[in-house]
Visitor: 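The following block contains the structure, expressed as structure tokens.
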There are 2 protein chains.
Amino acid sequence: MRSENQPVSQKERSFIETARRAQIMDAAVETIAEVGFARASLARIARRAGISKGVISYHFAGKEELMEQIVIAVYTDIGENVAGGLHGVESVTEMVRVNTTRVAEYMRGHRSSLRALGEIFLNLRGADGEPHYGMHTNEPLYQPLEDAFRRGQESGELRDFDTRVMAISYQSALDAMFGYWALNPEWDLTAHAEQVSDLFVRAIRAEAPRDAPTPHRSSRDRHDPPPDPAEGGTA
Amino acid sequence: MRSENQPVSQKERSFIETARRAQIMDAAVETIAEVGFARASLARIARRAGISKGVISYHFAGKEELMEQIVIAVYTDIGENVAGGLHGVESVTEMVRVNTTRVAEYMRGHRSSLRALGEIFLNLRGADGEPHYGMHTNEPLYQPLEDAFRRGQESGELRDFDTRVMAISYQSALDAMFGYWALNPEWDLTAHAEQVSDLFVRAIRAEAPRDAPTPHRSSRDRHDPPPDPAEGGTA
DNA sequence: TGATTTTCTGACCGCATGGCCAGAATTTAA
DNA sequence: TTAAATTCTGGCCATGCGGTCAGAAAATCA
């Protein structure tokens with residue numbers, strides 16, 4: 001019955017309703033991660049949850065709301081687990097490193113969520129046929145990145161570049177990293193993240209002063225190369 | 001009637017059939033670019049082309065073949081227009097610049113094709129529900145990139161890095177560039193391409209003559225990973 | 001010209017989907 | 001215990017899809 005979001009002021013959600021919503025969302029995530037968005041029908045999700053199809057309609061306004069709630073839940077969780085660790089890091093290059101590795105580490109423990117989120121982003125469309133998510137959804141991701149880049153540029157830590165382009169490129173590298181790993185479970189995500197960190201640190205840092213030594217990282221804190229690379233089936 | 005590909009040896013394709021196939025493919029591209037894959041039904045495509053739905057079934061084995069043919073046609077065109085200009089460029093960093101700007105320039109003149117291709121990649125699935133295209137489809141793109149990177153590493157022009165990760169990241173930056181531009185027509189694609197070029201040139205070039213060059217390691221010469229037939233085109 | 005093949009039309013089919021609902025089952029309240 | 005509210009079931013529905021088909025129309029051939 002309850003279907004709209006509950007801005008805290010509404011009637012409390014009953015215990016059963018809370019549990020059911022969580023259960024359904026879990027089943028939906030697993031189903032989508034397993035068979036893809038296109039095949040994740042309400043019937044299939046319900047079957048996986050061991051309930052009747054109507055229950056979903058009862059607890060959610062529709063498939064759309066169910067998907068939106070999943071996205072919110074996953075995003076919230078990511079934010080709590082990743083963004084938190086960035087406080088206290090003053091160097092922007094270090095921030096890039098920390099963010100990259102942390103988000104990778106988080107995803108390693110949440111493959112289903114990652115896959116489901118990707119599927120929803122790519123496939124969910126409203127009644128009008130327009131996608132719910134897309135490039136524009138990344139705006140909240142770009143903003144903080146741009147802020148950090150700009151700060152680094154002002155402090156002289158970073159060279160001059162277009163912060164928006166850099167934010168887009170960096171975010172896309174992360175997305176591609178996850179995409180590749182999602183497709184290729186053996187892939188060493190951690191090593192990949194290290195490489196991406198290096199890549200972008202070099203891309204953003206200020207030119208090395210002519211004679212002063214650059215602050216590059218010594219090779220000792222570099223990780224091992226991806227021990228398990230992929231080379232796709234085709235070719 | 002003719003539906004399979006024509007390996008040149010088969011009966012000639014009639015004038016009408018050739019024209020119709022082209023017309024239908026054009027209409028499909030326009031329709032997909034305009035309303036997205038999900039809403040680009042055969043009926044809608046036919047309506048746009050001003051023909052009956054059955055004509056599509058008559059000239060193509062099914063929606064799947066139609067989409068595949070579109071992808072082939074667009075890819076072929078891109079290959080002819082972009083890849084060609086890379087001969088004679090010896091420096092790998094220069095190659096990155098040229099490739100980036102050329103492909104951007106090409107896309108500026110083919111927005112519909114770009115959008116349609118993206119939609120097809122993301123959405124086309126076979127009867128079994130598995131995506132036809134996805135990250136693994138990028139393999140033909142990664143290979144030449146990796147080759148170039150490796151060459152640059154061997155010549156000392158480029159620093160040591162994982163060529164596969166770099167190829168993935170670079171390609172994703174291009175994809176994101178087009179995605180952003182597709183969403184945001186006012187965006188200065190050319191300037192964006194310049195920035196991406198700078199970004200990756202800095203990321204790949206050898207260190208200033210600081211340390212002795214390190215041995216490279218690329219994922220290429222390691223074992224073979226499963227292309228993970230699983231599913232889901234997260235991308 | 002008439003005969004034959006190619007091309008096209010518009011109606012139709014089976015299927016899967018998301019959503020709906022009447023009523024049954026269960027929980028909560030009195 | 002009884003009454004009321006909540007929760008759940010299973011079947012039903014309209015929709016839109018890709019694909020098929022018999023026959024009309026058009027092009028080609030003789």
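Only heavy atoms go into these numbers, but all of them, side chains included; no hydrogens, no water, no symmetry mates. Below, read A as the first sequence line, B as the second, and so on, with proteins coming before strands; counting in each chain starts at 1.
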Visitor: When you look at CZ of B:Arg111, are more than 12 heavy atoms from neighbouring residues, nucleotides or ligands closer to it than 6.0 Å?
Guide: yes
Visitor: Do the side chain of B:Ser41 and the base of D:dG16 come within less than 3.5 angstrom through a donor-acceptor pair of N or O atoms?
Guide: no
Visitor: Starting at atom CZ of A:Arg47, determine the distance to atom P of D:dC8, rounded to an integer number of angstrom.
Guide: 19 Å
Visitor: Take the protein atom CD1 of A:Ile56 and the nucleotide atom P of C:dG19, then report the distance between them rounded to whole Å.
Guide: 10 Å
Visitor: Quick one: which of D:dT6, C:dT9, D:dC12 gets closest to the side chain of B:Ile51?
Guide: C:dT9
Visitor: Is the cationic atom of B:Lys53 (NZ for Lys, CZ for Arg) positioned less than 6.0 Å from the six-membered ring centroid of B:Phe60 and within 45 degrees of its normal?
Guide: no
Visitor: Figure out the CZ/C1' separation between A:Phe60 and D:dT7, and round it to whole Å.
Guide: 14 Å
Visitor: Could you state the CZ-P distance from B:Arg125 to D:dC17, rounded to the nearest angstrom?
Guide: 18 Å
Visitor: Without decimals, in angstroms, what is the distance between A:Leu124 CG and C:dG18 P?
Guide: 11 Å
Visitor: If you compare every side-chain N and O of A:Arg39 against the phosphate oxygens of C:dT17 (OP1, OP2), does one of them come in below 4.0 Å?
Guide: no
Visitor: Does a donor on one side chain sit under 3.5 Å from an acceptor on the other, for B:Thr100 and B:Tyr170?
Guide: yes
Visitor: Enumerate, atom names and distances included, each donor-acceptor pair closer than 3.5 Å involving a side-chain atom of residues 174-184 of chain B, sequence neighbours excluded.
Guide:
residue  : atom : partner  : partner atom : Å
B:Asp175 : OD1  : B:Gln171 : NE2          : 3.4
B:Tyr180 : OH   : A:Arg164 : NH1          : 2.8

Visitor: Does a side-chain N or O from A:Tyr58 land closer than 4.0 Å to OP1 or OP2 of D:dT7, or not?
Guide: yes
Visitor: When the distance from CG of A:Leu42 to P of C:dC20 is rounded to whole Å, what number comes out?
Guide: 11 Å
Visitor: Charged N to carboxylate O under 4.0 angstrom, B:Arg39 versus B:Glu34?
Guide: no
Visitor: Return whichever of B:Lys53 or B:Arg20 has its heavy-atom-nearest nucleotide of DNA chain C closer to the 5' end.
Guide: B:Arg20
Visitor: Grab the CD1-C1' distance between A:Ile45 and C:dA16 for me, whole Å please.
Guide: 15 Å
Visitor: Just the rounded figure in Å: distance from C1' of D:dC17 to NZ of B:Lys63.
Guide: 8 Å
Visitor: The side chain of B:Glu17 is closest to which nucleotide in this list: C:dC20, C:dT7, C:dC8?
Guide: C:dT7
Visitor: Decide yes or no, distance alone: a donor-acceptor N/O pair under 3.5 angstrom between the base of C:dG10 and the side-chain of B:Ser52.
Guide: yes
Visitor: Would you mind telling me which of C:dC8, C:dG18, D:dG18 lies closest to the side-chain atoms of B:His59?
Guide: C:dC8
